[in-house]
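Remarks on the structure that follows.
When reading the values below, keep in mind they use all heavy atoms of this one structure, side chains included, and skip hydrogens, waters and symmetry mates. As the structure is a prediction and not an experimental result, all values here were calculated from the model.
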Amino acid sequence: MDRMRAWHGRIDKLAADTKVMSDRLQQLRVTLVSDNGLAEVTVDSTGALLDLRLGRQVQRVQPELTAQTIMDTIRLARAQLAELSQQIITETLGTESTASREIAERVGRQLRPDPGPGPDAPPPTRSHGWQGP
């Protein structure tokens with residue numbers, strides 16, 4: 001009977017810790033300003049863009065640079081979000097459990113930037129809107 005109570009206590013603690021972790025992760029936001037000051041982005045806990053603010057100097061640079069800066073800043077914000085998320089997971093669930101390691105790995109894969117195309121990848125295609133049949 002004591003084993004059953006101890007097991008039940010561990011399950012209750014895990015459930016409470018998981019709820020705390022989930023609440024903290026859902027509230028997480030990252031705001032990051034690009035090194036060149038062109039863009040400030042805010043991403044939510046899923047890595048989705050919540051806000052984008054452009055600096056005044058955006059009017060003096062090529063649109064391609066602005067676009068690349070925005071995309072790079074979003075990737076960096078998502079990477080920072082992954083680090084913070086993994087820290088929260090470790091703080092609330094620890095590193096010993098398989099579940100916490102799995103959750104941390106999944107969060108990392110979802111949020112960290114792709115390494116990008118390899119050297120043999122074809123150049124990206126450009127689209128300027130909807131292309132009809």
Using a 6.0 Å cut-off, check whether atom CG of D35 has over 12 heavy atoms from anything other than its own residue. no
Using a 4.5 Å cut-off on heavy atoms from C-beta on, say whether the side chain of L52 contacts that of E40. no
Does any N or O in the side chain of T69 come within less than 3.5 Å of the main-chain N or O of L65, such that one atom is a donor and the other an acceptor? yes
Nearest 0.5 Å, please: how far is OG1 in T42 from CG in L81? 11.5 Å
Side-chain donor-acceptor contact under 3.5 Å, Q87 with E91: yes
Any chance you could measure I88, atom CD1, to L93, atom CG, to the nearest 0.5 Å? 11.0 Å
Side chain to side chain donor-acceptor pair (under 3.5 Å), that's the test. Do D72 and Q68 meet it? Break it down for me. CA-CA 6 Å; D72 290 346; Q68 188 61 52; 2.7 Å; yes
Considering only heavy atoms from C-beta outward, does the side chain of D44 approach that of L28 to under 4.5 Å? no
Do L50 and L54 belong together in a cluster built from hydrophobic side chains that touch within less than 4.5 Å? no
Looking at L38, is its backbone amide N or carbonyl O close enough to the side chain of S34 to form a donor-acceptor pair, meaning the two atoms are under 3.5 Å apart? yes
Rounded to the nearest 0.5 Å, what separation is found between the OG1 atom of T73 and the CG atom of L32? 6.0 Å
Closest non-hydrogen atoms of G108 and A82, given as atom of the first, atom of the second and distance, are CA-CB, 4.4 Å
L111 and T46, any side-chain heavy atoms less than 4.5 Å apart: no
What's the shortest heavy-atom distance between Q57 and N36, and which atoms? NE2-O, 3.1 Å
Quick check on R106: does its CZ atom have over 12 non-hydrogen neighbours (other residues, nucleotides or ligands) under 6.0 Å away? no
Can we say R53 and D51 salt-bridge, meaning some charged N sits less than 4.0 Å from an Asp/Glu carboxylate O? yes
Under 3.5 Å, side chain of Q26 to main-chain N/O of S45, donor-acceptor pair present? no
How long is the straight-line distance from CZ of R5 back to CG of D12, given to the nearest 0.5 Å? 13.5 Å
Nearest-0.5 Å distance that lies between atom OG in S85 and atom CD in Q80: 10.5 Å
Output for pair (M21 CE, K19 NZ), nearest 0.5 Å, gives 11.0 Å
For the side chain to side chain contact (heavy atoms under 4.5 Å, CB included) test, which of L25, V30, V107 pairs with L84? V30
Heavy-atom closest contact (A39 atom, I70 atom, distance): CB-CG1, 4.0 Å
